[in-house]
Amino acid sequence: MSATLLAIDTCTRRSSIALRNEHTLLGEITWEAQREETARVSARIEELLRASHVSTAELAAIAVAIGPGSFTGVRCGLAIAKGMALAQGLPLIGVTAFDVLAYAQPCHHLPMLVVLEAGRSRAAICRYDWIEDVPHVADTWRIVPWEELVAELEAAAPTWVCGEVAPHVWARLPAHIRAAPPAWNLRRAGFLADLAFNRWSRGEVDDVMTLTAIYPPEA
Amino acid sequence: MVVRVLAIETSCDETAAAVVDDGAHIRSNVVASQIDLHRRYGGVFPELASRAHLEAIAAVVDQAMREANASWPSLSAVAVTKGPGLPGSLVVGVNMAKGICLARSLPLIGVNHLEGHIYAHWLQPSGWAGSIVRRLEALGSPFPLLALIVSGGHTELVLMHDHGRHELLGHTVDDAVGEAFDKVARMLGLGYPGGPAIQQAAQAGDPHRFPFSRPRISLSPKTARVPHEALLFSFSGAKTHALHLIREHHGDANGKPTHRTPVNDIAASFQEAVTNWLVEKTVLAAEMHKVKAVLVGGGVSANQALRQKLTAQLGAAVSFPPLELCTDNAAMIAAAGYFAFMRGVRDDLSLDVAPDLKLGL
């Protein structure tokens with residue numbers, strides 16, 4: 001059995017967990033969490049381990065999405081990840097929810113805007129550019145009201161928009177904006193596992209003691 | 001064989017972890033305080049508390065395990081405060097505990113924070129002869145016991161019939177007593193936390209200069225679940241009275257004290273009134289239920305006036321743990337967790353936080 005990595009993403013209402021080893025995504029559960037449903041995450045991890053026939057002793061690394069998103073959701077995932085990493089002496093790899101979505105998009109060479117729900121009629125957005133077929137963060141992420149986002153996109157060059165765009169906003173995106181189809185917009189922990197596995201292979205791990213969530217600048 | 005419990009407590013503004021053997025012997029008791037973080041707000045700022053818990057939790061648990069010289073396989077169970085407390089703070093501790101239990105296949109026990117304050121009296125730290133409950137146990141059953149829990153979030157009188165069998169006798173109908181200390185200290189410009197600040201100012205003040213009238217509290221639909229209205233507390237009136245005293249005695253246009261305001265006398269009179277009410281109701285409850293001892297817990301039990309008055313009234317029947325076990329800590333959660341574990345209590349991984357958890361209702 002090769003080294004297995006557990007990935008946990010509870011940043012927003014769409015929560016996801018996955019297991020992968022060197023060559024295979026062993027299993028993944030993605031669900032729409034109800035409000036304050038943080039209590040279910042640990043039980044679902046246990047369920048995934050059982051369904052994938054992986055014991056906790058076989059885990060070799062933990063990956064966790066560090067936000068942005070619901071403060072409680074992000075902290076819930078991080079606390080579980082820290083508890084598991086500390087108790088098993090495992091490396092911990094933190095990845096932003098933006099990176100998970102950007103990594104999952106098909107290579108199209110358009111500037112890309114990754115969108116996450118930020119609550120109170122606002123979105124958290126981050127721009128990416130393609131460099132040698134790999135998405136790279138182009139700008140500091142920020143929080144904008146949906147109305148402002150629509151206005152910004154009207155004035156923008158052709159852009160690929162993906163992620164958790166509010167249903168009422170999709171319909172209002174201007175014609176030159178390419179909207180990702182639904183499957184690309186779902187943040188799946190399988191992609192988090194891929195990203196984290198690559199970083200882990202390069203020796204890029206985070207400190208279990210100090211890794212923390214990312215929060216919007218004004219909060 | 002030793003039953004070793006790792007406990008985690010994050011219900012308010014202390015990130016704490018402890019390792020305790022057999023519900024008594026403290027191998028480690030680590031508390032990372034956030035007092036400095038909240039000082040500028042004059043109270044606990046919930047979102048900041050949650051962030052600080054997440055930043056501290058792994059290092060605090062790691063330190064507790066190292067100081068205890070405990071290996072992960074040597075643990076029998078993990079106990080964690082599930083409530084009452086700040087929701088965002090509880091989430092960090094509960095999920096940390098769940099991650100550990102998941103990784104190590106350990107039993108998980110969710111503990112009521114108030115029960116933890118009571119079980120601080122079962123701990124046997126070095127340098128402390130031990131609480132009266134251990135001496136009572138040596139003679140037979142220590143029950144019934146009365147617990148007075150007084151802190152920034154709680155003012156409760158709880159009757160303990162047996163391990164795991166509690167009855168709520170009294171509680172505050174508005175502010176917790178520690179909250180009232182914090183608010184009055186802030187009004188008087190004495191700083192945070194309010195308990196030690198008021199106590200210090202009161203030492204130089206006249207406790208009889210300003211009489212505070214006794215609050216009239218009656219049973220209402222909200223309070224009717226407790227058996228006797230005489231055991232209900234109220235502190236918001238005392239807080240308002242302190243504000244009036246500042247205004248009447250050279251307070252400025254914003255109601256803030258000036259150099260001519262008798263700050264020390266107001267602090268001393270407030271403390272005198274509040275501690276008198278606590279003592280009267282505690283003694284009344286102890287007599288009503290013929291308890292064998294009174295166990296005091298929570299940060300306000302550090303108050304010297306309260307300690308002296310309770311001791312004067314109850315003598316050897318009242319017990320105060322060492323200060324570090326009165327304020328929020330995880331050793332007390334481990335002790336409560338141990339007794340629950342021995343009764344067969346287990347929680348599964350779907351354990352949720354319970355911010356409004358009650359004890360004995």
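Proteins get letters first, then strands, A, B, ... in listed order; numbering begins at 1 in each. It should be emphasised that the depicted structure is a prediction, and the values quoted were computed from it without experimental measurement.
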Check: B/Lys98 side chain, A/Ala39 main-chain N or O, donor-acceptor pair, under 3.5 Å: yes

Top contributor to chain A contacts, counting heavy-atom pairs under 4.5 Å, from B/Ala59, B/Gly88, B/Ser50: B/Ser50

A/Phe71 side chain near B/Leu54 side chain, heavy-atom distance below 4.5 Å: no

Residue pair B/Met96 / A/Leu86, side-chain heavy-atom distance below 4.5 Å: yes

Distance in Å, B/Cys101 SG paired with A/Glu46 CD, rounded so as to fall on 0.5 Å steps: 10.5 Å

Set of ring-ring contact (aromatic ring centres under 6.0 Å, His included) partners for B/His117, sequence neighbours left out: B/His113

Other residues, nucleotides, ligands: >12 heavy atoms within 6.0 Å of B/Arg66 CZ: no

Distance in Å, B/Glu47 CD paired with A/Thr72 OG1, rounded so as to fall on 0.5 Å steps: 7.5 Å

Pairing residues for A/Tyr103 by the ring-ring contact (aromatic ring centres under 6.0 Å, His included) criterion, not counting sequence neighbours: none

B/Leu102 side chain near A/Met84 side chain, heavy-atom distance below 4.5 Å: yes

Heavy-atom pairs under 4.5 Å with chain A, option from B/Leu75, B/Val94, B/Leu349, B/Asn95 with the top count: B/Asn95

B/Arg104 versus A/Ala87, closest heavy-atom pair with distance: NE-O, 2.8 Å

Residue pair A/Gln88 / B/Ala103: nearest heavy atoms and the distance that separates them: NE2-O, 2.7 Å

Side-chain touch A/Met209/B/Asp62, heavy atoms, less than 4.5 angstrom: yes

